[in-house]
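Before any comments, here is the structure.
Counting starts at 1 for both ligands and their atoms, in listed order.
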Amino acid sequence: MRRIGVLALHGAFIEHEHALSDLGAQAFEIRERGDLDRSFDGLVLPSGESTVQGKLLCDLGIMEPLRALIKGGMPVLATCAGLILLAGSIDGDQARWIATLPSTVRRNAYGRQLGSFHAEADYEGIGVVPMTFIRAPCIVKAGKGAKVAATVDGRIVAVECGRQMALAFHPELDQDRRIHERFLALAA
Ligand code: GLN
């Protein structure tokens with residue numbers, strides 16, 4: 001059985017745990033540095049507020065070990081704020097967090113208040129999936145090695161780079177489990 005560590009400091013992590021257990025994987029919560037000593041096959045970085053998550057990662061001393069794990073090939077599924085944590089750069093912002101994904105994101109790309117909407121679009125290798133966006137970022141540039149996996153209205157909303165899957169939307173909030181299934185295949 002695949003064991004997946006879900007970063008559980010802030011935001012919508014429970015929904016990812018449910019999606020993973022629907023698919024027969026075992027999810028455990030990463031709340032402190034010691035949790036990273038357990039052995040696991042994949043990592044989920046959930047949505048929330050990226051500045052809050054980033055600061056907590058620094059304060060708890062988890063940032064460096066997570067970066068090392070991802071650089072070492074740990075499969076990761078990052079959604080929304082998780083995408084911002086992974087991004088190599090953030091448009092108009094000096095902040096850098098885990099920064100293992102060679103791509104540039106723009107926070108709150110659809111406006112701060114009216115930025116929640118639903119779409120359906122093709123995800124590379126899967127087909128048309130439902131996509132829920134909540135104060136979502138978009139990817140303004142997919143860098144070297146990052147493959148565009150989905151676009152909506154001409155904006156990049158998902159990229160994959162090696163074993164990193166980074167999405168501007170929330171697959172954990174819809175019932176369609178194919179994105180998590182794809183992630184679990186990476187974690188096999
Ligand atoms: N707007 C949030 C941020 O910039 C992300 C929103 C989300 O994760 N749903 O961090």
Atom indices of ligand 1 within 4.0 angstrom of [X] heavy atoms, with elements:
X: Ser47; answer: 7 (C), 8 (O), 9 (N)
X: Asn108; answer: 1 (N)
X: Ser50; answer: 3 (C), 4 (O), 10 (O)
X: His170; answer: 9 (N)
X: Gly48; answer: 2 (C), 5 (C), 6 (C), 7 (C), 8 (O), 10 (O)

What orientation do Phe28 and Phe40 show, parallel under 30°, tilted 30 to 60°, or perpendicular over 60°? perpendicular
Counting only nitrogen or oxygen atoms and a 3.5 angstrom limit, does Ile134 reach ligand 1? yes
Can you find an N or O of Ala81 that's nearer than 3.5 Å to an N or O of ligand 1?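 N/O-N/O distance below 3.5 Å exists for this pair.
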Check Arg107 against ligand 1 and report side chain, backbone, both or neither, counting heavy atoms closer than 4.0 Å.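 The answer is the side chain.
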Heavy-atom contacts under 4.0 Å between Ile84 and ligand 1: side chain, backbone, both, or neither? side chain
From Thr51 OG1 over to Asp93 CG, what is the distance, rounded to the nearest 0.5 angstrom?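 Here the interatomic distance stands at 9.0 Å.
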Of the non-hydrogen atoms in Leu20 and Ile4, which two are nearest, and what is the gap between them?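 Minimum heavy-atom contact is CD1-CG2, 3.7 Å.
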Looking at every non-hydrogen atom in both residues, tell me the closest pair between Ile139 and Ala166 and how far apart they are. CD1-O, 4.3 Å
Does the cation-pi check pass for Arg155 over Tyr110, that is, NZ or CZ under 6.0 Å from the six-membered ring centre and within 45° of its axis? yes
Ion pair present between Arg107 and Glu49, side-chain N to carboxylate O less than 4.0 angstrom?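 Salt bridge between Arg107 and Glu49, a charged N being under 4.0 Å from a carboxylate O: yes.
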Below 4.0 angstrom, N of the basic side chain to O of the carboxylate: do Arg178 and Glu181 qualify? no
